[in-house]
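Below you'll find the structure, written out as structure tokens, and then a few comments.
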Number of protein chains: 2
Amino acid sequence: MTTIGDVAKAAGVSVATVSRALRGVDRVSPRTRERVMAAAADLHYVASPAATSLVSGRTRGIGVITPYFSRWFFATVITGIEKALREEGYHVLLCDLEGHTFDTRLPITQGMLWKRADGVIILNVPPEPGERDLLDRLGMPVVTVGNRQPGWPSVRIDDQAAMAMATEYAIGLGHTRIGYAGTVPTSVSHLQTPFDRRQAFTDVMTAHGLEVRPQWTLRCDWTADGAAEHAERLFAGRDRPTCVVAASDEMAFGIMSAARRRGLDVPGDVSVIGIDDHVHSRILDLTTVRQDVEAQGRHAGALMLAALHGHEVSPSHDEVLGVELVVRGSTAPPATADRARPTPKGVKTRTRARGVSETLAV
Amino acid sequence: MTTIGDVAKAAGVSVATVSRALRGVDRVSPRTRERVMAAAADLHYVASPAATSLVSGRTRGIGVITPYFSRWFFATVITGIEKALREEGYHVLLCDLEGHTFDTRLPITQGMLWKRADGVIILNVPPEPGERDLLDRLGMPVVTVGNRQPGWPSVRIDDQAAMAMATEYAIGLGHTRIGYAGTVPTSVSHLQTPFDRRQAFTDVMTAHGLEVRPQWTLRCDWTADGAAEHAERLFAGRDRPTCVVAASDEMAFGIMSAARRRGLDVPGDVSVIGIDDHVHSRILDLTTVRQDVEAQGRHAGALMLAALHGHEVSPSHDEVLGVELVVRGSTAPPATADRARPTPKGVKTRTRARGVSETLAV
DNA sequence: TTGAAAGCGATACCAA
DNA sequence: TTGGTATCGCTTTCAA
């Protein structure tokens, strides 16, 4: 393993000069620098991050905490984060919480990530109290994605607005018998996204004088399989909704599948709408409210870099990316409703939603 | 930031003793250890990985190189890796190659990963020559997933066997007009999985005296969208196959979608079969050849840990996990064929394939 | 512009 | 069983 000393020897200068020359800072004569660079290249020299980190205090690593790495949404956010960070020579330390409860997390996150990272990006999970303490104590920059946490800047969409858009669209088609998928898990009732989306659904329904029927609310986890299972039971009954609004596209996939398995036509017998615009939503012809997931990751990364570069990032910074309705073939007016306002299948309509409410001040 | 010195002072011992007590190695009197532990806990002491790494030479980080980590397969493998490594206190450094060509990769992988990691796990991509050099020079353990590379142990499935299983099944149903999706990208023609699967398809077809028609071979990338686009063109013609074998489930999704969009019934007019058993394959009722993706990640992680613990891991170690046929509703005998060997839709058949050909010797 | 030397925070060897 | 100390590889004053 070649060290800075080897390079110094080869270039005939001191290690201090090598350090300065290689980092491009400070004054070093062009000729000296050239010699140093040549020697370093020759020897395949790469500075030891451990040594650099020990003296400088920074690691060039950013911890990313995610509830489920393998789910499309999270993996895509992280892709965005990684791309943004890589440009500046930072890298991602992955911390997947899958399979851990609120209680068993701390040891994982603790020594595992802290002290190895210069900052942390937290996806969609609220911090455990011990983690908050730790982060406050360490004073490292934190950015959240997908939800707001007091004291930390965030990047997200407006979950309520997104769900309102989906629900309004369903109602606008003439549906009155509307089911819902995406309840708040009782084990982690503090998850903002499930809570906000359900809230918005209920609010919009109520505002239109429509009833939210408990028996039409699928109490499933946020997976396609889970939704399919619950939806099959729903569709088995005689008294079923003409439309189901799902809080995520993956659940919507499950619902469409269950409907067809029960011999129901989508959208003829039942309409389905989701939120996300998952990578498979186009081919499955799902009407949805689109969010740019990778962009959220990129923005979070940029925010982190800004903080790392010493730019002031306000804890109240709240970057809300826009969403848009993407009408596809899984929705239609209800079979029995009057067709005063038909939206012909196949015509793609796009509606812009709220834009960025506050932009990154770099 | 509390250091080992602070703990030593608080416990009234030397730093050397603190180091020994905390790591649990060496002999330290129980009473001393207790005092040290108490002091450390009190001060929220966590050893600096940088300092530890500088002197010990190890980082407890494992680099994971992946072509696209937001794709289901890769994200799932990485989940498995992360779980295995975390148990032993190792963590994952992500290196996504997406958007990089063979030529622009080295700088990314170079200083970014090397020297920060104790080992590297490479998913499905062959190493760039410079990377091979680097890895050989550094002499760090390497494990590959998804394909074999000379000199490095691997974890994978038998791609040829998997594709043979799919193709045989299609032929066994009576199909003779069979299309294929999953060609080898010309830009990276050395990718083993695409190559092997296509090879096996061709071999099996030939062995049965069946023709592989170029116009029925979809030259698409390995995404659902790409496959859908190409498949729509295929299904637009009059002369179309009665079955399409896809080298991945995601492509199969696209093909099913395209067929239905063209008014064709699946499996009535065209059967579709894939490889993977993607998380959505069950709800989409896709017949496929199942592989345990997360297990591949876990095994790769275990292999890496074994190497790190100094156990001998042979470079020729080749761990081949079994696959199994999962029959669902996307396949049926061709409409025009004689139905001598019908496989009733809805009856799930599972066939065990080759098992692990060699197991990890720890 | 360059070099010498003092840390950064741990580990591990050698004494005690 | 414990403590002193050299050492890991680099950055960063402070002098020259």
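Convention: sequence-line order gives letters A, B, ...; per-chain numbering from 1.
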*Measure from the side chain of B/Ala51, starting at C-beta and using heavy atoms only, and say which of D/dT5, C/dG9, C/dT1 lies closest.*
C/dG9
*Starting at CG of A/Leu43 and ending at C1' of D/dC10, how long is that distance when rounded to a whole Å?*
16 Å
*Quick one: B/Arg20 CZ to D/dT5 P, roughly how many Å, whole number?*
14 Å
*Looking only at atom types and distance, does a side-chain atom of B/Arg33 sit under 3.5 Å from a main-chain N or O of B/Ser29, one as donor and one as acceptor?*
no
_Determine whether a donor-acceptor pair (N or O, by modelled atom type, separation under 3.5 Å) exists between the side chain of B/His91 and the backbone of B/Arg60._
yes
*Mark yes or no for whether A/Thr59, through its side chain, and A/Arg116, through its backbone, hold a donor-acceptor pair below 3.5 Å.*
yes
*Does a side-chain N or O from B/Arg23 land closer than 4.0 Å to OP1 or OP2 of C/dT11, or not?*
yes
*Checking all strands, does A/Ala47 fall into the base, sugar-phosphate, or nothing category for heavy-atom contacts under 4.0 angstrom?*
sugar-phosphate
*Phosphate OP1/OP2 of C/dT1 contacted by A/Ser29 side-chain N/O (<4.0 Å)*: no
*DNA chain D: 5'-proximal contact among B/Ser14 and B/Leu54 (nearest heavy atom)*: B/Ser14
*Find the distance B/Arg58:CZ to C/dG9:P and express it as a whole number of Å.*
23 Å
*Between A/Ser19 and D/dC10, does any side-chain N or O lie under 4.0 Å from OP1 or OP2?*
no
*Nearest of C/dG3, D/dG9, C/dG9 to any side-chain atom of A/Thr3?*
D/dG9
*Under 3.5 Å, is there a donor-acceptor pair linking the side chains of B/Arg148 and B/Ser154?*
yes
*asked:* Regarding A/Thr32, tell me which of base, sugar-phosphate or nothing describes its non-hydrogen contacts under 4.0 Å with the strands shown.
replied: sugar-phosphate
_What contact category does A/Thr52 fall into here, base, sugar-phosphate, or nothing, at under 4.0 angstrom with non-hydrogen atoms?_
sugar-phosphate
*With a 3.5 Å cut-off and no angle check, do the side chains of A/Ser14 and A/Thr17 form a donor-acceptor pair?*
yes
*Under-4.0 Å side-chain N/O to phosphate OP1/OP2 contact, A/Thr17 with C/dG3*: yes
*asked:* Rounding to an integer number of Å, can you tell me how far B/Arg116 CZ sits from D/dC10 P?
replied: 13 Å
*Could you check how far NZ of B/Lys115 sits from C1' of D/dC8, rounded to whole Å?*
12 Å
*Could you state the atom-to-atom distance from CZ of A/Arg27 to C1' of D/dT13 in whole Å?*
11 Å
*asked:* Under 4.0 Å, heavy atoms only, any strand: does A/Ser48 hit a base, just the sugar-phosphate, or nothing?
replied: sugar-phosphate
*Over how many whole Å does the gap from B/Tyr45 atom OH to C/dG9 atom C1' extend?*
7 Å
*Whole-Å distance between C/dG3 P and A/Ile4 CD1?*
12 Å
